[in-house]
Amino acid sequence: MAESFRHDTRILRFNPRAPQGYEGRRRDLLWPVLAYRVGVPVAPRAQRMDVFQRAVFGMLLHGVNDPQQIADILNLHPDLVRIIREHLIERDLIDSDDIVKSDAEQRYREARFDLGERADGFTTGYVFQEPFSGLLLPRLVETLETMDFTLGDLGFPELQLRERIVRPYVELAPSAQPFPPTPADVMRAFEAFRRAQRGRWEQSEEDGEDGNTPRFLNRVKRVTFIERQPELMYLSTFIFGHGLSSWEVADPFGLPTSPLSSLAHKRLTQSAPLRAFVQRLAEEEVSTGAPPFDPMEEALSRLELEFGPHVGHHPLLQSLLDAELGRAEFQAAPASQRTRRAKQALGATRSLLEHLLRAVRAEFSTAGVERQLVDGDRLYNLRRIEAAANALSFALPVPDRLGSVKASDVYWMANRDQSGKLRPLLVSILLSASTHAHHPLHSTARTNPQFLQQLDEVLGWCGEAAHVGDALPDFDGLVEPALERTYEAVRFLTTDRAGPPPPPSANYRVAPEPQELEYDDLEL
């Protein structure tokens, strides 16, 4: 260990923090990263919407949509108004019928512009590559904040945080380095960091940087690597939670969510020391006289019985493990903690369902399905949803809460890589199934016509578990049926498509920003 952790290694300490109100256990952690010093062009806010676009959009916002009338009011040529209108459609601010999109007005009100600002700015800083996955963290810092440390007798670093000496767990970096990031990766990481700073986890057309636009590609050409060889550093942070099924990594940079959480969860299946470290978060003490027991191995064994011997290559492996570990911790919990553990297990089950539905959405596009619905007309929307379900041979009627989702929510779930509203996401997948000949819902409906009713009931259980307090209903009897139905959904919707995960592609080399979950499944 002393040889592996050099005394001149830099340890970075920014501002890691747990969610507000968290008072449970936490354990200090050092995570390796490869730091690249880079220069990145900064697009000004001025070029998001120019003065002509704002003027025409303002007219549309007030219900004036005739190009000639807009041209007369603004003293512009009608052809110029039509060109600007087409540009607004391309930027997803309005639709082809000149109807303003649900979020466009807020973006228009909040936008700032300065006619004198045109050229890109430029910033230099550090980006960080996670050495195990090769992904860049969606973070960029201009200055490094390092801390002093000493090496103990066994070669482990010892840090002084305020008035206490901390001996953190260290996950050592592998000997082999991953492929270096590309300028496009750096640009995407920088844009993701700016969105995270603004509290917007999804990428929208407002940012204008989808990786394929000419402006984005032009900016990529200006990205420079000031130092080509990375420097191995360690991020100082901590983990918090309640054992193997419900733990997170605090973001080392002080933001509410941490991309290290999902990366560390994946690393858990390969690192026995990390598993043991996380397991010590559990509140129950393991008897020293008991034989060694590895919950992760037990969970993998149970998953092999459910999904076969190749479950280790399943694309939803980490979510499956979290759900199985949640059930195991519920079953082992004493009577005084069973309700709390049951709610945690239902939360892990809901997370598995979310990842499942998002995987289906990623494979079978749902873009534009919201056009089949009318905002505010619940009866019409119910008929369209039931028509889609009937065309696939699902049993009718569809559940009330599933048939009464808002068209605006379906729009966001169908066209954005977002989380939180699972019923609108399920509806968007249902509405798009008829356009895909090999969509898994076709075979699912033939095998289990009651699938929608059963899945909606599970969403209700999980939503209630997230909303109600400890004094309300007991969920002990819901953990098993909820997980079994979810496993059945996984088998239906991922059949014959599980395999070894592909390596990170050239178009996706930045770790995803975790979504802030909103358990709103009780809402109509």
Side-chain angles (χ1 to χ4, degrees), residues 245-246 316 319-320 322-324 326-327 330 342-362 366 369 373 378 381-382 385-386 388-389 392 394-414 416 418-433 440-441 444-445 448-469 472-494 515-524:
S245 66
S246 55
L316 300 177
S319 299
L320 290 168
D322 290 343
E324 191 59 52
R327 171 164 65 176
F330 160 71
K343 294 170 69 174
Q344 290 177 353
L346 288 171
T349 299
R350 184 190 183 281
S351 179
L352 172 58
L353 272 175
E354 176 185 343
H355 284 86
L356 172 64
L357 294 178
R358 291 179 67 185
V360 176
R361 178 182 62 186
T366 59
V369 297
L373 306 178
R378 295 176 62 178
N381 294 343
L382 174 62
I385 294 171
E386 289 196 332
L392 296 173
F394 282 115
L396 298 179
V398 299
D400 291 340
R401 288 177 292 185
L402 193 65
S404 59
V405 297
K406 299 177 182 177
S408 58
D409 289 341
V410 173
Y411 165 76
W412 282 108
M413 294 301 103
R416 298 288 191 269
Q418 288 188 315
S419 318
K421 298 179 181 292
L422 297 195
R423 285 193 175 91
L425 178 55
L426 178 58
V427 167
S428 69
I429 292 172
L430 175 65
L431 294 175
S432 69
L441 283 185
T444 300
N448 182 8
Q450 298 291 329
F451 176 79
L452 295 178
Q453 287 78 2
Q454 294 173 0
L455 198 58
D456 178 80
E457 191 172 19
V458 174
L459 291 176
W461 295 340
C462 296
E464 290 169 1
H467 279 94
V468 304
L472 291 172
D474 180 14
F475 298 98
D476 293 11
L478 301 180
V479 174
E480 293 290 341
L483 190 56
E484 291 306 318
R485 290 188 187 182
T486 302
Y487 282 170
E488 183 181 32
V490 172
R491 284 191 289 269
F492 281 143
L493 301 183
T494 61
Q515 306 290 314
E516 288 192 304
L517 296 181
E518 299 175 2
Y519 291 110
D520 60 356
D521 290 312
L522 293 181
E523 298 180 7
L524 297 180

Review point. Do Arg358 and Leu425 come within less than 4.5 Å of each other through their side chains, counting heavy atoms only?
Key: yes
Exercise for review: Identify, with sequence neighbours excluded, every residue that meets side chain to side chain contact (heavy atoms under 4.5 Å, CB included) alongside Ser319.
Suggested key: Leu352, His355
Study note, to complete from the structure: Glu488 meets the side-chain hydrogen bond (donor to acceptor under 3.5 Å, both in side chains) criterion, sequence neighbours left out, with none
Check your understanding: Which residues pass the side-chain hydrogen bond (donor to acceptor under 3.5 Å, both in side chains) test with Asn381, sequence neighbours left out?
Key -> none
Exercise for review: Mind checking side chain to side chain contact (heavy atoms under 4.5 Å, CB included) for Pro399 and listing every partner two or more places apart, or none if nothing turns up?
Suggested key: Leu402, Gln453, Asp456
Point to revise | Partner residues of Gln454 under the side-chain hydrogen bond (donor to acceptor under 3.5 Å, both in side chains) criterion, sequence neighbours left out | key: Asn448
Point to revise | Check: Leu431 and Thr366 side chains under 4.5 Å, non-hydrogen atoms | key: no
Study note, to complete from the structure: Sequence neighbours excluded, the answer for ring pair (Phe, Tyr, Trp, His ring centres under 6.0 Å) partners of Phe394 is none
Review point. Do Arg350 and Thr486 have side chains that get closer than 4.5 Å, going by heavy atoms?
Key: no
Practice item. Kindly compute the distance separating CZ (Arg378) from CG (Leu382), expressed to the nearest 0.5 Å. Key: 9.0 Å
Check your understanding: Is the shortest heavy-atom distance from the side chain of Thr349 to the side chain of Trp461 under 4.5 Å?
Key -> no
Review point. With Glu484, which residues qualify under side-chain hydrogen bond (donor to acceptor under 3.5 Å, both in side chains), at least two apart?
Key: Arg327
Check your understanding: Given Leu441, which of Leu430, Leu452, Leu426 fulfils the side chain to side chain contact (heavy atoms under 4.5 Å, CB included) condition?
Key -> Leu430
